[in-house]
Amino acid sequence: MIKVLFFGPVADRVQTHEMQMDFSPGMTLHNVIAHLGIQHPGAFSIVSLIAVNQNQVHDKQMALQDNDEIAFMAKFSGG
Amino acid sequence: MIKVLFFGPVADRVQTHEMQMDFSPGMTLHNVIAHLGIQHPGAFSIVSLIAVNQNQVHDKQMALQDNDEIAFMAKFSGG
Amino acid sequence: MLDPVRIQAEDFSQNEEVEALKASSRRMGGIATFIGCARDFSEGREVSQIGFEAYGSMALAEMNKLRSEAIEKFGLLDARIVHRVTTVQAGDNIVFIAAGAAHRAAAFDACRWMIDELKQRVPIWKKEITPQGDAWVTPHP
Amino acid sequence: MLDPVRIQAEDFSQNEEVEALKASSRRMGGIATFIGCARDFSEGREVSQIGFEAYGSMALAEMNKLRSEAIEKFGLLDARIVHRVTTVQAGDNIVFIAAGAAHRAAAFDACRWMIDELKQRVPIWKKEITPQGDAWVTPHP
């Protein structure tokens with residue numbers, strides 16, 4: 001299973017904070033983005049940071065592992 | 001009367017915090033400095049600021065008024 | 001003793017935080033702090049409340065990293081970062097940053113650097129709740 | 001309510017000072033504070049206590065001027081300056097400065113400016129009391 005997290009404005013647009021996706025060997029971050037981006041284009045248009053296991057990731061070709069936690073995030077506005 | 005004040009390191013060297021001097025018409029700040037400077041050269045060597053009535057004064061030819069308050073001060077080290 | 005880096009709903013006490021900071025060293029001569037609080041209006045709109053949401057585990061990890069980096073970069077004796085994640089009213093505290101150093105220049109530089117970096121790097125989002133409706137805040141580019 | 005500019009022997013409470021500062025405006029988004037405290041050594045010498053002496057009336061007048069100038073110069077919503085004049089132990093608080101503004105840049109700039117100016121302009125002197133004897137502090141040129 002891959003755990004997918006959404007926060008703040010992104011969560012509002014996806015209308016959930018969390019979903020699960022089945023893991024399949026060879027799966028990349030790009031596969032997840034492509035799959036979810038089609039269903040939630042409005043949410044993904046404001047995604048500016050992606051983290052895998054709490055670390056920011058720039059390379060969308062990154063291979064995922066089972067039980068990874070992916071977070072799709074809009075620009076931070078804390079402080 | 002002119003009130004003369006000393007603080008911190010200057011007061012230590014003069015060995016007092018306050019003295020009175022008779023006022024005479026035409027008296028200038030310079031007169032006071034000349035008079036006290038001879039008696040307390042060690043104290044006056046560290047004076048770097050002079051205030052008359054709580055305002056810093058640069059012009060030693062300044063005429064004094066009766067009841068003026070003069071302060072002889074070393075460099076500040078508060079904070 | 002409270003942890004030097006925290007995300008919490010409840011308010012913080014500056015007295016307690018500064019006390020804890022000072023406890024770490026007797027060589028501390030200067031402490032710079034920053035408190036961010038909720039304004040009652042923003043960009044011309046009236047704001048009655050501000051809501052916060054955080055990616056808690058990542059936010060806490062980033063805040064800890066930020067603190068360690070600041071201590072290293074500015075030669076601090078200690079530093080603290082506390083961010084509230086809850087709904088606050090106008091005037092309420094949001095974030096607290098403290099930097100303690102032997103001398104004041106390092107404390108000021110570090111405190112400012114930490115709040116600037118926090119805004120860039122820590123996954124927290126704020127939503128302004130106004131009489132006209134709610135809106136997530138979009139940071140200026 | 002405590003006066004925003006004070007010289008006093010007793011310690012101050014950051015909580016109380018920040019509360020008083022915030023009470024002046026609901027538009028305050030950023031508060032920068034500086035706390036100066038007594039280090040247990042200075043220039044390599046062990047310092048057990050620090051004594052302060054002030055030209056009280058002039059010091060208070062200068063601190064009030066400093067506060068007004070900072071509010072004007074940096075567009076602050078409010079500012080506070082408290083200096084203790086007494087004998088303090090290592091770790092004790094000496095001076096507190098706070099600057100509150102709509103945004104953090106002005107608060108930081110003003111807070112730093114006020115402590116820098118205070119050291120230059122306010123007639124207060126400190127004496128370090130060490131096991132080897134007392135010595136008035138000579139500020140660096």
Side-chain angles (χ1 to χ4, degrees), chain A residues 1-21 23 28-30 32-33 35-37 39-60 62-79, chain C residues 6-8 34-39 42-43 47 50-66 81-88 93-97 111-129 133-141:
Chain A
M1 278 298 193
I2 301 287
K3 189 198 266 186
V4 183
L5 301 177
F6 308 100
F7 297 96
V10 179
D12 273 13
R13 294 183 182 201
V14 180
Q15 292 184 296
T16 186
H17 275 81
E18 186 173 338
M19 53 175 77
Q20 306 281 344
M21 283 178 69
F23 172 73
T28 65
L29 184 55
H30 178 75
V32 176
I33 297 168
H35 179 76
L36 293 174
Q39 295 171 44
H40 306 284
F44 277 73
S45 70
I46 59 166
V47 167
S48 67
L49 275 119
I50 302 170
V52 175
N53 302 327
Q54 289 107 55
N55 288 305
Q56 197 184 336
V57 166
H58 294 282
D59 177 12
K60 292 178 182 161
M62 182 185 177
L64 298 175
Q65 310 294 322
D66 199 5
N67 299 315
D68 274 353
E69 177 180 290
I70 307 176
F72 291 107
M73 301 177 279
K75 274 206 160 178
F76 309 149
S77 56
Chain C
R6 308 193 308 280
I7 290 175
Q8 63 188 35
F34 176 76
I35 300 152
C37 45
R39 307 169 63 207
S42 166
E43 320 261 318
V47 176
I50 301 180
F52 287 89
E53 193 173 309
Y55 181 8
S57 55
M58 183 176 171
L60 205 60
E62 272 297 329
M63 285 160 65
N64 270 299
K65 227 188 284 176
L66 208 53
I81 308 176
V82 182
H83 201 301
R84 295 180 71 191
V85 170
T86 181
T87 298
V88 301
N93 293 329
I94 294 168
V95 62
F96 176 83
I97 310 251
C111 186
R112 194 164 189 160
W113 182 82
M114 282 189 280
I115 182 65
D116 287 349
E117 288 288 305
L118 181 145
K119 284 174 178 269
Q120 298 290 323
R121 289 168 44 177
V122 178
I124 299 179
W125 297 268
K126 73 160 75 72
K127 176 198 267 183
E128 291 178 348
I129 299 163
D134 303 354
W136 289 100
V137 172
T138 310
H140 297 284

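Values in this document were obtained by computation on a predicted structure and should not be read as measured data. Order of the sequence lines sets the chain letters (A, B, ...), proteins ahead of strands, with each chain counted from 1.
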- Message: Working to the nearest 0.5 angstrom, can you tell me the gap between A:Phe76 CZ and C:Lys119 NZ?
- Response: 13.5 Å
- Which members of residues 55-64 of chain C, sorted by number, sit under 4.5 angstrom from chain A on a heavy-atom basis? C:Tyr55, C:Ser57, C:Met58
- Message: Taking NE2 in A:His30 as the centre, count heavy atoms belonging to other residues, nucleotides or ligands within less than 6.0 Å. Is the count above 12?
- Response: no
- Message: Is it true that, when you exclude A:Gln39 itself, more than 12 heavy atoms of the residues, nucleotides or ligands shown sit nearer than 6.0 Å to its CD?
- Response: yes
- Message: Can a donor-acceptor pair be found, under 3.5 Å and without considering hydrogens, that links the side chain of C:Lys126 to the backbone of A:Gly79?
- Response: yes
Per-residue contact mode, [X] against chain A (heavy atom under 4.5 angstrom):
{"X": "C:Arg84", "result": "neither"}
{"X": "C:Val122", "result": "backbone"}
{"X": "C:Lys127", "result": "side chain"}

- Query: For A:Leu49, is it the side chain, the backbone, both, or neither that has a heavy atom closer than 4.5 Å to a heavy atom of chain C?
  - Reply: neither
- Item | Pairs of heavy atoms under 4.5 Å with chain A: top-ranked of C:Val137, C:Thr138, C:Ile115 | C:Val137
- Query: Taking all non-hydrogen atoms of both residues, which atom of C:Glu53 and which atom of A:Ala11 are closest, and how far apart?
  - Reply: OE2-CB, 4.5 Å
- Name the member of A:Ala51, A:Ala74, A:Gly8, A:Ala71 that forms the most heavy-atom pairs with chain C at distances under 4.5 Å. A:Gly8
- State, with a plain yes or no, whether a side-chain heavy atom of A:Ser77 is found less than 4.5 Å away from one of C:Trp136. no
